K.L.:
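My structure is below; once you've seen it, I'll send some questions.
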Amino acid sequence: MKNILDCTAVELGKMIKNKEVTVMEAVEVTLNRIKEKEADYHSFITVMDEAAMIRAREVQTLIDEGKLTGPLAGVPVAIKDNMCTKGTLTTCASKMLHNFVPVYSATAVEKLESAGAIIIGKTNMDEFAMGSTTETSYYGVTKNPWNTEHVPGGSSGGSAAAVAGKECIFALGSDTGGSIRQPASYCGVVGLKPTYGTVSRYGLIAYGSSLDQIGPICKDVTDCATILEVIAGKDSKDSTSVDVETDYTSALVDDVKGMRIGIPTDYFGEGLDKEVKEAVLSAAKVLQKKGAIVEEFNLSLVDYAIPTYYTIATAEASSNLERFDGVKYGYRTGEYKGLHNMYKKTRSEGFGEEVKRRIMLGSFVLSSGYYDAYYLKALRVKALIKKAFDEAFQKYDVILGPVAPNVAPKLGESLKDPMKMYLSDIYTTSVNLAGLPGMSVPCGFSKSGMPIGLQLIGDCYKEKNIIRAAYAYEKERGSI
Amino acid sequence: MANIISDETIEYVGILAKLELSDDEKEQAKKDMAGMLDYFDKLNELDTTGITPMSHIFPIHNVFREDVVTNGDDMENIMKNAPESKNGTFVVPITVE
């Protein structure tokens, strides 16, 4: 029998269904693994030992009674700590929410629970999802299980590290500018940011509302499609969610004959690590050998994605984070003189450095006198970027490129120079700006032994194209 | 560096952002912000005359529904999160003298 911790979600779900393993065993083995490894990885902010065991017994009964038959029933899952979980601490990795216990769960979380997945804990992240390394967390740094001297990426670094370090079977992350795909790439796991609106954002603590999406972080493409099928769908509690066909697992077909794949030459220019470039291009060759039509093209506007992204994301963040004022929940400063002083001291003490930097910048670009020059300008460029992708998708089914320009950097290297950290988001942010689905699939290792990720980008609502390409590639690549 | 952030601007942004910065933090914020704005100015290389600002990617329309309460009263748990509360209300510092 396969070791529980080495199973994918779908494999473990089957073993539970066939009564080879009980849900209690699956949860206990996972919790023990967390106990053993947390000192090294620190993937979690909260581990839900007791609640998970109680739920495991309930789910086992429901499975035995034939009331839970889905593929994820009984499978342990970790949730990024910016998604509300009813009755369980949800911190967003901030001092500001150090004591916040939500009274409702995020829709994506509820859907997983109804499917019988067992939530075993809340994962570490960059504070309010602002960062690319999981080093801005108030609760300490998460380390990359492939080499604990390196970052796991971010902001969903805890979720990616927990999957790579076998501290859960799969996880949920959120992606505003690459926060699922980049840590998935750095940790050698699969991560998908769905088309904007595919997964409800209800209960996701907002960063950049026009860009945020929840998605799976998991061990293989089959899990990815299976999890997305469970969490996707229109939700009356999120007016931007859309009614889409969710039969993603039907795209798990090992056939890319005739699929048109475009490689943007402007993704392979200056700044891209040579090892990453080679790994990504050999993955393209694999798909070509399997019958895909692969050609290079010029996407254009690549250099404008990051300034556009940071203008829009910080603007939205400055507005979204106004709610943290020390009145209704979370941290409140100890001493203050009057209401406004209370607000200011609460926020200055409750937010970390990177969050304050982005709130300041966002407040500036939205301020009268600068609104047109910065914020509206960025929204205009966003329209141009969207148009460039629209044109590309008239010619191609899938766009293939790197996820990040490098492999996971060492701890402490990135925060010294925030601008450098922002620039590492070059291949991921445009996907959020255009609302597209994007996936990270492991495609090799650097000489130093760190994983490299391949990014597959699809047109809006065309998740099935990237799932099919990723599945075909994975079949050829074999397990890593 | 093309953009220079004045003391007045940082003061003003601090008021908008409801953040109280120490003098050291203000100096750092001036530098960080100027650097980012220099970078944002790259967008001016693009001619966007006649381009409509895109706030939402898809053509969505407002949807109306009846305003009916569907969730239950969870006041007790909601108030547990309040830094300070009294008789089911949030306690805030005096706002009107």
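Below, chain A is the first sequence line, B the second, and so on; all start at residue 1. Not measured: the values here are computed from a predicted model.
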K.L.:
Shorter than 4.5 Å, heavy atoms on both sides: which option in Leu46(B), Val92(B), Asp74(B) has the most such pairs with chain A?
P.N.:
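Ranked by contacts with chain A, first place is Leu46(B).
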
K.L.:
Minimum heavy-atom separation for Ala434(A) to Ile57(B), with atom names?
P.N.:
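Heavy-atom minimum between the residues: O-CG2, 3.5 Å.
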
K.L.:
Determine the option with the most heavy-atom pairs under 4.5 angstrom with chain A, choosing from Lys80(B), Met79(B), Arg65(B), Glu45(B).
P.N.:
Glu45(B)

K.L.:
Non-hydrogen atoms of chain A under 4.5 Å away: do they reach the side chain of Thr9(B), the backbone, both or neither?
P.N.:
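Side chain of Thr9(B) only, per the 4.5 Å heavy-atom cut-off to chain A.
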
K.L.:
Got a salt bridge between Arg357(A) and Glu353(A), using NZ or NE/NH1/NH2 to carboxylate O under 4.0 Å?
P.N.:
yes

K.L.:
Between Ile94(B) and chain A, with a heavy-atom cut-off of 4.5 Å, which part of the residue counts as in contact: side chain, backbone, both or neither?
P.N.:
backbone

K.L.:
Could you have a look at Gly326(A), Gly87(A), Gly362(A) and say which one has the most heavy-atom pairs with chain B under 4.5 angstrom?
P.N.:
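Heavy-atom pairs under 4.5 Å are most numerous for Gly326(A).
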
K.L.:
Would you please say whether a donor-acceptor pair under 3.5 Å links the side chains of Thr136(A) and Glu127(A)?
P.N.:
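There is no such pair (donor and acceptor under 3.5 Å, judged by atom type) between the side chains of Thr136(A) and Glu127(A).
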
K.L.:
Between Tyr331(A), Phe364(A), Tyr104(A), Tyr343(A), which shows the greatest number of heavy-atom pairs under 4.5 Å with chain B?
P.N.:
Phe364(A)

K.L.:
Just checking heavy atoms, which of residues 10-18 of chain B are less than 4.5 Å from chain A?
P.N.:
Ile10(B), Tyr12(B), Val13(B), Gly14(B), Ile15(B), Leu16(B), Ala17(B), Lys18(B)

K.L.:
Counting heavy-atom pairs closer than 4.5 Å to chain A, which one of Pro53(B), Ala82(B), Ser85(B), Ser22(B) comes out on top?
P.N.:
Pro53(B)

K.L.:
Which one of Lys377(A), His340(A), Glu322(A) has the most heavy-atom pairs closer than 4.5 Å to chain B?
P.N.:
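Heavy-atom pair counts peak at Lys377(A).
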
K.L.:
Excluding sequence neighbours, so at least two apart, what forms ring-ring contact (aromatic ring centres under 6.0 Å, His included) with Tyr336(A)?
P.N.:
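With neighbours one apart ignored, the set is empty.
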
K.L.:
With chain B as the partner, which of Ile306(A), Leu321(A), Leu366(A) has the greatest number of non-hydrogen pairs under 4.5 Å?
P.N.:
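Among the listed options, the one with the most contacts to chain B is Ile306(A).
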
K.L.:
Is Lys356(A) salt-bridged to Glu25(B), cutoff N-O under 4.0 Å?
P.N.:
yes

K.L.:
Taking every heavy-atom pair that is under 4.5 Å apart, which of Leu37(B), Thr52(B), Ile78(B) has the most such pairs with chain A?
P.N.:
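Sorted descending by pairs with chain A, the first entry is Leu37(B).
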
K.L.:
Report which part of Asn77(B) has an atom under 4.5 Å of a heavy atom belonging to chain A: side chain, backbone, both, or neither.
P.N.:
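For Asn77(B), heavy atoms of backbone and side chain both lie under 4.5 Å from chain A.
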
K.L.:
Could you tell me whether Arg201(A) and Asp238(A) make a salt bridge, using a distance below 4.0 angstrom between a side-chain N and a carboxylate O?
P.N.:
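Looking at Asp238(A) together with Arg201(A), the answer is yes, because their closest N to O distance falls below 4.0 Å.
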
K.L.:
Answer with side chain, backbone, both or neither: which region of Asn44(B) has an atom nearer than 4.5 Å to a non-hydrogen atom of chain A?
P.N.:
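Its backbone and side chain both get close to chain A.
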
K.L.:
Tell me whether the guanidinium CZ or amine NZ of Lys462(A) lies under 6.0 angstrom from the six-membered ring centre of Phe393(A) and within 45° of its axis.
P.N.:
no

K.L.:
Have a look at Lys193(A) and tell me which of Leu211(A), Thr198(A), Thr176(A), Asn432(A) forms a side-chain contact (heavy atoms from CB on, under 4.5 Å) with it.
P.N.:
Asn432(A)

K.L.:
Using a 4.5 angstrom heavy-atom cutoff, name the option from Tyr329(A), Tyr304(A), Tyr375(A) with the most pairs to chain B.
P.N.:
Tyr304(A)

K.L.:
Any carboxylate oxygen within less than 4.0 angstrom of a Lys/Arg side-chain nitrogen, looking at Arg332(A) and Glu84(B)?
P.N.:
yes

K.L.:
At a heavy-atom separation under 4.5 Å, does Thr48(B) approach chain A through its side chain, its backbone, both, or neither?
P.N.:
both

K.L.:
Given heavy-atom pairs under 4.5 angstrom as the criterion, report whether the side chain, backbone, both or neither of Phe40(B) touches chain A.
P.N.:
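Both backbone and side chain of Phe40(B) come within 4.5 Å of chain A.
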
